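What follows is one structure encoded as structure tokens, with my remarks underneath.
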Amino acid sequence: MRIDAVTLFPDLVSQVTQWGVTGRASEQGLLQLVCWNPRDYARDRHRTVDDRPYGGGPGMVMKVEPLRAAMHEARASAPGRSLSLYLSPQGRRLDQAAVERLAGQERLLLVCGRYEGIDERVIATEIDEEISIGDYVLSGGELPAMVLIDAVARLIPGALGHADSASEDSFSAGLLDYPHYTRPEVLDGMAVPAVLLSGDHDAIGRWRRQQALGRSWLRRPDLINRAQLSTEDRRLLDEYIDEYRS
Ligand SMILES: CC(C)(C)c1cccc(C(=O)NCC2(NC(=O)c3cccc4nocc34)CCCC2)c1
């Protein structure tokens, strides 16, 4: 999958191709990330990339021409149409369903804001979707872009090795994860739940499902309401709730 990122900090965004799952996906040629810096397209002597806001007030806005030039160069640099995304606090909240949809695109163009953001007319004419990773004030769209790249890259066939794919199970079913344990068997007097040592894989599977259901019910009831629960799920969850309330 080809991803182009328009950013004033290409060395920040390209770090995602250096480490872990996304680093390996990049090494294997499954993910191709190219960064484009508007500053390289600023034609004035000072290579200006910000501009003053109409209406006055604090802060600056990303200068239109260098930004649009970088976007046009990025699109023209490879075949295929790019879905153009602006990472923005005004965007639709990113969730796994959106990640799965975006992973199906042949190309993504990610635009990262800095200062107070970008000119609204650039959004209206150049951007297909605004996407937000959450409600907190950030310094730029680069970390959100890296979050999106990570989530999308994991879905590229072949990107996940055996050691990485476990977390897909429960969340791809839209639930929180079950608790994880590893050595030692007893840690400061706290033992691993016995079922996990039993070797009874059916019981272990049921226990994990019940924990994913129960923890989702406790911490994220919104996920439970959206999940399609089987009758077995309902039984496991009711048993968890009875125990929790006893
Ligand atoms: C959400 C709320 C707290 C109400 C709020 C209201 C108004 C502004 C900001 C704010 O952070 N503005 C600064 C910028 N933020 C982001 O780019 C950004 C922030 C958060 C999630 C994101 N997902 O993608 C990009 C994201 C925009 C231009 C440079 C960085 C935040």
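Note that this is a predicted model, so its numbers are computed, not measured. One-based numbering along the sequence shown. One-based numbering, in listed order, for ligands and for the atoms of each.
With rounding to the nearest 0.5 angstrom, the OG atom of Ser82 is 7.5 Å from the CG atom of Leu108.
Of the protein's non-hydrogen atoms, the one nearest atom 29 (C) of ligand 1 is Tyr115 O, 3.4 Å. Among protein heavy atoms, atom 23 (N) of ligand 1 sits closest to Ile133 N, 3.0 Å. Annotation: atom 21 (C) of ligand 1 to nearest protein heavy atom, Gly134 O, 3.1 Å. The protein atom (non-hydrogen) at minimum distance from atom 20 (C) of ligand 1 is Tyr136 O, 3.1 Å. Looking only at protein heavy atoms, the nearest one to atom 6 (C) of ligand 1 is Pro89 CB, 4.3 Å.
A donor-acceptor pair is defined here as one N or O able to donate and one able to accept, closer than 3.5 Å; no such pair exists between the side chain of Arg81 and the backbone of Arg107. Proximity of a side-chain donor or acceptor of Glu142 to a complementary backbone N or O of Val13 within less than 3.5 Å is not detected. A side-chain donor-acceptor contact under 3.5 Å links Ser132 to the backbone of Gly134.
Residue-level proximity to ligand 1 for Cys112 is absent, since no heavy atom of it falls below 4.0 angstrom. Residue contacts with ligand 1, taken as heavy atom pairs separated by less than 4.0 Å, involve Pro144 solely via side-chain atoms from C-beta onward.
For the residue pair Ser84 and Glu126, no side-chain donor N or O sits within less than 3.5 Å of a side-chain acceptor on the partner. When only modelled atom types and interatomic distance are considered, Ser230 and Glu232 share no side-chain donor-acceptor pair under 3.5 Å.
For Tyr244, the ring pair (Phe, Tyr, Trp, His ring centres under 6.0 Å) test picks out Trp217, with sequence neighbours left out.
Atom numbering of ligand 1 starts at 1 in the shown order; those under 4.0 Å from a heavy atom of Gly113 are 29 (C). Annotation for ligand 1: atoms under 4.0 Å from non-hydrogen atoms of Gly117 are 28 (C). Close approach to Arg114 involves these atoms of ligand 1, each under 4.0 Å from a residue heavy atom: 29 (C). For ligand 1 and Gly140, the ligand atoms under 4.0 Å from any heavy atom of the residue are 17 (O), 29 (C), 30 (C).
Ion pairing between Arg75 and Asp4 fails under the 4.0 Å rule for side-chain N and carboxylate O. A salt bridge does not link Asp202 with Arg206: none of the charged nitrogens is closer than 4.0 Å to a carboxylate oxygen.
Taking distance alone, with nitrogen or oxygen atoms compared against 3.5 Å, Ser88 approaches ligand 1 more closely than that limit. At least one N/O-N/O distance between Leu138 and ligand 1 falls below 3.5 Å. No N or O atom of Val137 sits closer than 3.5 Å to an N or O atom of ligand 1.
Note that atom 4 (C) of ligand 1 has no protein non-hydrogen atoms nearby, at separations under 4.0 angstrom.
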Derivation and outcome, side chain to side chain donor-acceptor pair (under 3.5 Å), residues Arg2 and Ser77: CA-CA 11 Å; Arg2 167 65 180 247; Ser77 68; 2.7 Å; yes

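Residue contact check for ligand 1: Ile118 places no non-hydrogen atom closer than 4.0 Å to it.
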